[in-house]
Amino acid sequence: MIQKFTALIHKDKYIRVAKFADVQAAGSLLVRTEKHTIALFYSHNKVYAIDNRCPHMGFSLHRSTCQNGIVTCPWHYARFDLASGGTFDSWADDVPSFGVEIRDRILLPKRAIALSQKKE
C-alpha cells in the first residue's frame, strides 16, 4: 500500500504520513512526500522510518523482512538497525533514518526529510 500526502504540514514542522493502525496491520508501509519515499516499519509496538532505498544497491526496502528491529534487504541481504539506520554489514552504508512522532497519525519531522534529501 502506498499513501501520498501533500500539504499536511503542522505548525510544529511535522508531516502527516500514515495512520499508526495501518502500519501496525501491514507490518510495513511505503509513503511518499513531495520528493521523498520513506519505508515505515512496525516492530515491538513502535513505528520506525527509514529511507526506502538500500544504500548498497538502491533496492526498495519497504518489502524487506523485519525481525527484532532489524530490516534485511531482500536483494543482497544487507541488514540495518531500524532505530538508527546503522548497517551490520561492512560492505553496505548506513540507511538514513527519521524520528517518528506518534499523535493521531504517524508524523515525521520535516527537518529530517530535508536533511536526508541532501545526501541524494
Side-chain angles (χ1 to χ4, degrees):
M1 175 193 267
I2 298 174
Q3 294 185 2
K4 185 173 181 178
F5 291 84
T6 56
L8 293 176
I9 300 172
H10 286 263
K11 293 176 186 174
D12 55 358
K13 309 281 183 171
Y14 285 85
I15 300 173
R16 294 181 191 203
V17 294
K19 293 180 182 178
F20 180 86
D22 291 344
V23 182
Q24 186 178 33
S28 67
L29 190 67
L30 184 67
V31 295
R32 292 190 176 128
T33 60
E34 290 180 25
K35 295 183 181 180
H36 204 70
T37 306
I38 299 165
L40 302 173
F41 291 92
Y42 177 80
S43 180
H44 300 297
N45 206 30
K46 288 178 121 182
V47 175
Y48 299 91
I50 59 173
D51 190 283
N52 188 47
R53 296 211 138 202
C54 177
H56 175 235
M57 296 292 287
F59 197 76
S60 176
L61 291 173
H62 85 280
R63 293 193 179 151
S64 299
T65 58
C66 176
Q67 292 182 337
N68 299 319
I70 299 171
V71 168
T72 303
C73 177
W75 198 7
H76 289 112
Y77 305 104
R79 298 167 299 150
F80 306 97
D81 175 61
L82 280 174
S84 68
T87 185
F88 292 97
D89 303 298
S90 61
W91 43 267
D93 292 328
D94 295 343
V95 66
S97 63
F98 310 101
V100 175
E101 170 115 10
I102 299 172
R103 295 183 190 164
D104 308 336
R105 296 172 174 247
I106 296 167
L107 303 166
L108 298 175
K110 182 182 176 188
R111 183 169 176 257
I113 294 169
L115 288 174
S116 69
Q117 287 177 339
K118 292 179 183 177
K119 292 184 176 184
E120 293 179 1

*Residue pairs, two or more places apart or on separate chains, that pass salt bridge (charged side-chain N to carboxylate O under 4.0 Å, His left out) and touch residues 64-74*: none
*Treating Ile, Leu, Val, Met, Phe, Trp and Tyr as nodes and any side-chain heavy-atom pair under 4.5 angstrom as an edge, say whether Val23 and Phe98 lie in one connected cluster.*
yes
*Scan residues 88-99 for pairs that pass salt bridge (charged side-chain N to carboxylate O under 4.0 Å, His left out), counting only residues two or more places apart or in two chains.*
Arg79-Asp89
_Counting C-beta onward and ignoring hydrogens, is there a side-chain heavy-atom pair between Leu40 and His62 closer than 4.5 Å?_
no
*State, to 0.1 Å, how close Trp91 and His76 come at their nearest heavy-atom pair, and which atoms those are.*
CH2-O, 3.3 Å
_Distance, nearest 0.5 Å, that separates NE2 of His56 from OH of Tyr77_ = 13.0 Å
*Gln24 side, atom CD; Lys46 side, atom NZ - distance, nearest 0.5 Å*: 14.5 Å
_I need the minimum non-hydrogen distance between Pro55 and Phe80, along with the two atoms involved._
CD-CZ, 3.6 Å
*Is it possible for you to say whether Val17 and Tyr42 belong to one hydrophobic cluster, with membership spreading through side-chain heavy-atom contacts below 4.5 Å?*
yes
*asked:* Among Ile70, Leu82, Val71, exactly one meets side-chain contact (heavy atoms from CB on, under 4.5 Å) together with Ser43. Which residue is that?
replied: Leu82
*Measure across Ser64 and Phe41 and return the closest heavy-atom pair with its distance rounded to 0.1 Å.*
O-CE2, 4.0 Å
*In the single-linkage hydrophobic clustering (I, L, V, M, F, W, Y; side-chain heavy atoms under 4.5 Å), do Met57 and Val95 co-cluster?*
no
_Would you compute the distance between atom CG of Asn68 and atom CG of Asp81 and round it to the nearest 0.5 angstrom?_
11.5 Å
_Single-linkage hydrophobic cluster, 4.5 Å side-chain cutoff, Leu61 and Ile38 together_ = no
*Approximate separation, where rounding is to 0.5 Å, of Ile50 CD1 and Ser97 OG*: 8.5 Å
*asked:* Tell me whether the count of non-hydrogen atoms from other residues, nucleotides or ligands lying under 6.0 Å of CZ in Phe88 goes above 12.
replied: yes
*Quick check: does any side chain N or O of Ser28 sit under 3.5 Å from a backbone N or O of Arg63, one acting as donor and the other as acceptor?*
no
*Check whether any side-chain heavy atom of Phe59 sits under 4.5 Å from a side-chain heavy atom of Pro74, and report yes or no.*
yes
*Please answer: with hydrophobic residues joined when any side-chain heavy atoms are less than 4.5 Å apart, are Tyr48 and Leu29 in the same cluster?*
no
*Test side chain to side chain contact (heavy atoms under 4.5 Å, CB included) applied to Thr65 - qualifying residues, sequence neighbours left out*: Thr72
_Separation of Thr37 OG1 from Asp51 CG (nearest 0.5 Å)_ = 8.0 Å
